[in-house]
There are 2 protein chains.
Amino acid sequence: MVTIRDVAKLANVSTATVSATLNRSAPVSPELQARVRRAVEELGYAPDGVARSLKTGTTALLGLLVPDITNPFFTQLVRVVEAAAQRAGYAVLLCDSDEDPAKELTYLRLMRTHRVAGLVWCPVGEPGPEGPNARTLAGLPIVMVDRAAPGVAADLVVIDNRRAGYLATAHLLELGHRRIGAVAGPPHLLPAAERLRGFTDALRERGLDPDAAPVGQGAFREAEAYASCRELLGSEPRPTALFVANNHMLIGVMRAIADLGLACPADISVAAIDDFPWANAFNPRLTTVRQPVAAIGESALRLLLARIAGHAGAPVRETLACELIVRNSCAPIAGG
Amino acid sequence: MVTIRDVAKLANVSTATVSATLNRSAPVSPELQARVRRAVEELGYAPDGVARSLKTGTTALLGLLVPDITNPFFTQLVRVVEAAAQRAGYAVLLCDSDEDPAKELTYLRLMRTHRVAGLVWCPVGEPGPEGPNARTLAGLPIVMVDRAAPGVAADLVVIDNRRAGYLATAHLLELGHRRIGAVAGPPHLLPAAERLRGFTDALRERGLDPDAAPVGQGAFREAEAYASCRELLGSEPRPTALFVANNHMLIGVMRAIADLGLACPADISVAAIDDFPWANAFNPRLTTVRQPVAAIGESALRLLLARIAGHAGAPVRETLACELIVRNSCAPIAGG
DNA sequence: AGTCCGACTCTAATCGTTTAGTGCAGGATT
DNA sequence: AATCCTGCACTAAACGATTAGAGTCGGACT
């Protein structure tokens with residue numbers, strides 16, 4: 001390893017001068033600057049970020065902790081955060097908690113060990129037996145995204161999930177559907193609960209009884225949704241439309257519909273939350289509520305960088321709007 | 001920040017004893033161990049990974065550099081590598097070069113600065129004006145995945161792309177198709193070239209002239225494939241089947257087919273390389289060649305960990321087999 | 001009794017930077 | 001002429017861990 005000392009020796013200056021030259025942190029005469037740069041070039045010297053971090057107490061590292069990177073929402077978020085972090089001069093330490101509270105805690109510790117400058121965190125909803133205690137998180141700038149960890153006071157960026165649920169359901173109602181089933185997420189997760197609330201809001205607004213609506217609840221996963229959907233579509237009278245609470249579940253639902261020999265949207269209309277790159281290539285093209293992932297990521301990073309820069313004050317909650325993308329998976333009700 | 005000194009003071013021992021206790025690196029009497037652990041608990045001490053890294057010269061960090069994280073292949077790879085790294089006690093520093101050689105070089109430097117213990121690297125094929133020179137990479141254990149960087153001697157894990165192209169094409173040929181178009185990737189990328197070679201292999205094997213086959217080449221992207229596909233399907237006589245070289249391109253192709261008012265597989269059969277989670281939920285379900293992403297990731301990490309452990313020797317090249325997944329996007333040729 | 005050994009424990013150097021504090025030379029100011 | 005800046009450059013002390021190497025203290029052996 002070639003160190004700053006080697007450079008200093010070759011350039012016949014002190015290490016302080018090398019450091020000052022490279023970081024422009026103090027004035028250095030043009031002549032010495034030239035000598036230093038020549039030596040750096042000759043030796044192929046690159047400063048050791050670890051040593052620098054130890055001395056300065058900061059790293060150019062941002063943590064990003066997501067519960068499931070295969071979910072396109074988080075995939076896109078990773079991309080956006082990574083790009084924004086790069087622009088701000090940070091690299092990203094990516095961890096996937098896999099929806100597992102124990103792994104999550106391990107990773108939170110790891111973030112601290114690696115001294116990340118800040119953390120973008122999409123918490124697993126369910127706190128484990130010994131949830132992330134305040135001490136693990138103390139002093140670390142954090143922005144939570146999509147979900148809120150219970151008992152953690154940090155900035156939060158979410159979409160208006162209730163409205164998202166409302167938008168999708170209202171669309172189905174406008175097309176004349178009255179018997180609408182819901183494939184909902186796990187009740188303990190904020191987004192799932194809120195989306196379902198939006199669903200019932202819409203029903204109630206049209207004078208329908210939400211309690212009479214067939215609702216299946218389960219994890220935000222394909223298998224659960226598949227089972228849930230088959231059950232819903234087996235009930236009598238069969239729903240004419242389905243509200244689906246997230247992208248993974250939508251896959252399960254579409255599979256179930258196909259396996260039951262039904263056609264979408266002819267036999268059953270489907271509207272879901274979470275747009276994703278392939279939604280527009282499906283047959284039928286899927287009507288979804290799109291989350292502004294780019295805006296979410298940008299907001300999160302903006303808030304986080306402000307906190308890193310020392311911005312104090314009470315935790316901020318930013319709620320972003322989402323948008324209904326009408327495609328072809330919802331049809332007016334037959335004979336409606 | 002609470003340091004090892006604070007713990008030592010509270011436990012009334014030396015820092016060496018604290019370190020020995022925590023790392024089990026030297027025998028410590030039960031009594032002192034207890035005192036140390038109590039102090040650690042009381043203070044909520046967590047060792048500083050940065051300081052440790054500086055002293056030991058190693059980090060528990062693995063770099064992962066991919067060209068496009070929105071590509072499901074790389075998304076899955078990220079997941080697999082992240083999980084495997086976690087099992088091996090490493091965290092992952094994720095960077096997305098965005099298919100940009102300049103960004104790639106920046107990130108390679110960053111990996112060195114952060115002193116990653118090793119690097120899993122899916123290179124951008126095209127070397128920039130001043131490609132990643134040997135010095136930037138010197139001494140860093142590297143495993144390349146999917147693509148080979150020109151001029152870099154490092155282990156390489158790839159699939160048998162030629163056979164993948166062959167498998168998909170042979171399937172179409174067996175269904176009776178004779179006029180088969182190819183939506184191929186950029187010729188300078190190894191996987192793209194090899195896959196196209198497998199395509200021509202299959203044609204030749206059946207006595208067809210590969211030069212007569214309509215081939216569109218472009219970046220591994222949706223837009224390019226969309227345009228390419230429209231052109232191919234506009235030619236006379238229209239191909240009855242399409243070979244598509246990657247997942248992004250497949251999306252473009254399916255969109256183009258839909259926009260042209262054609263039905264798949266009734267009017268046109270499609271077989272593609274790269275399976276992805278949604279392929280089975282499309283309508284029609286997509287026939288693809290699946291890459292063993294899990295095996296690829298595991299192999300890459302196995303090789304990398306061996307190199308980190310000091311394993312010397314010439315670069316290894318591992319070629320993994322892939323598998324044709326027959327679904328519903330290919331039909332026997334009408335009247336065939 | 002004297003020596004040696006094993007089992008702990010401690011002191012202090014070290015990793016590669018950054019940076020406060022000090023020194024120094026030469027020109028401007030009184 | 002003495003003093004004071006000002007602008008560079010240097011020395012040396014951190015940062016928080018790990019780890020040689022040295023010291024200590026009983027008990028076992030000769």
Using salt bridge (Lys or Arg N to Asp or Glu O under 4.0 Å) as the criterion, list what pairs up with Arg24(A), not counting sequence neighbours.
-> none
Quick one: side-chain contact (heavy atoms from CB on, under 4.5 Å) partners of Gln86(B), sequence neighbours excluded?
-> Lys103(A), Tyr107(A)
List, one per line, each side-chain donor-acceptor pair under 3.5 Å for residues 34-42 of chain B, sequence neighbours excluded.
| unit_1 | atom_1 | unit_2 | atom_2 | d |
| --- | --- | --- | --- | --- |
| Arg35(B) | NE | Ala11(B) | O | 2.8 |
| Arg35(B) | NH1 | Glu31(B) | OE2 | 3.0 |
| Arg35(B) | NH2 | Ala11(B) | O | 3.3 |
| Arg35(B) | NH2 | Asn12(B) | O | 3.2 |

Contacts of type salt bridge (Lys or Arg N to Asp or Glu O under 4.0 Å), residue Arg307(B), not counting sequence neighbours = Asp155(B)
Pairs under 3.5 Å (N/O, protein and nucleotides 10-17 of chain D):
| unit_1 | atom_1 | unit_2 | atom_2 | d |
| --- | --- | --- | --- | --- |
| dC10(D) | OP2 | Ser14(A) | N | 2.9 |
| dC10(D) | OP2 | Ser14(A) | OG | 3.1 |
| dC10(D) | OP2 | Thr17(A) | OG1 | 2.6 |
| dA14(D) | N3 | Lys55(A) | NZ | 3.0 |
| dC15(D) | O2 | Lys55(A) | N | 3.4 |
| dG16(D) | N2 | Ala51(B) | O | 3.3 |
| dA17(D) | OP1 | Tyr45(B) | OH | 2.7 |
| dA17(D) | OP1 | Asp48(B) | N | 3.1 |
| dA17(D) | OP2 | Ile4(B) | N | 2.3 |
| dA17(D) | O5' | Tyr45(B) | OH | 3.3 |

Find the bend of the helix from dA1(C)-dT30(D) to dT30(C)-dA1(D) as the angle between its two terminal axes (five pairs each), to the nearest 10°.
-> 70°
Report the residues that fulfil salt bridge (Lys or Arg N to Asp or Glu O under 4.0 Å) with Glu82(B), sequence neighbours left out, ordered by chain and then residue number.
-> none
Taking side-chain contact (heavy atoms from CB on, under 4.5 Å) as the test, write out the residues that go with Ala219(B), two or more places apart.
-> Arg221(B), Glu224(B)
Sorted by chain and residue number, the salt bridge (Lys or Arg N to Asp or Glu O under 4.0 Å) partners of Arg112(A) (sequence neighbours excluded) come out as none
So OG1 of Thr75(B) and CZ of Arg79(A): to nearest 0.5 Å the spacing works out to 10.0 Å
With Leu305(B), which residues qualify under side-chain contact (heavy atoms from CB on, under 4.5 Å), at least two apart?
-> Ala88(B), Tyr90(B), Leu301(B), Ile308(B)
Whole angstrom value for the distance that separates C1' of dC8(D) from CZ of Arg35(A) | 13 Å
Outermost nucleotides of DNA chain C that come under 4.0 Å of a non-hydrogen atom of chain A = dG16(C) to dT19(C)
side-chain contact (heavy atoms from CB on, under 4.5 Å) involving Ala91(A) - partner list, sequence neighbours excluded | Leu61(A), Leu93(B), Leu110(B), His114(B)
Identify, between Ser25(A) and Pro30(B), the residue whose nearest nucleotide on DNA chain C lies closer to the 5' end.
-> Pro30(B)
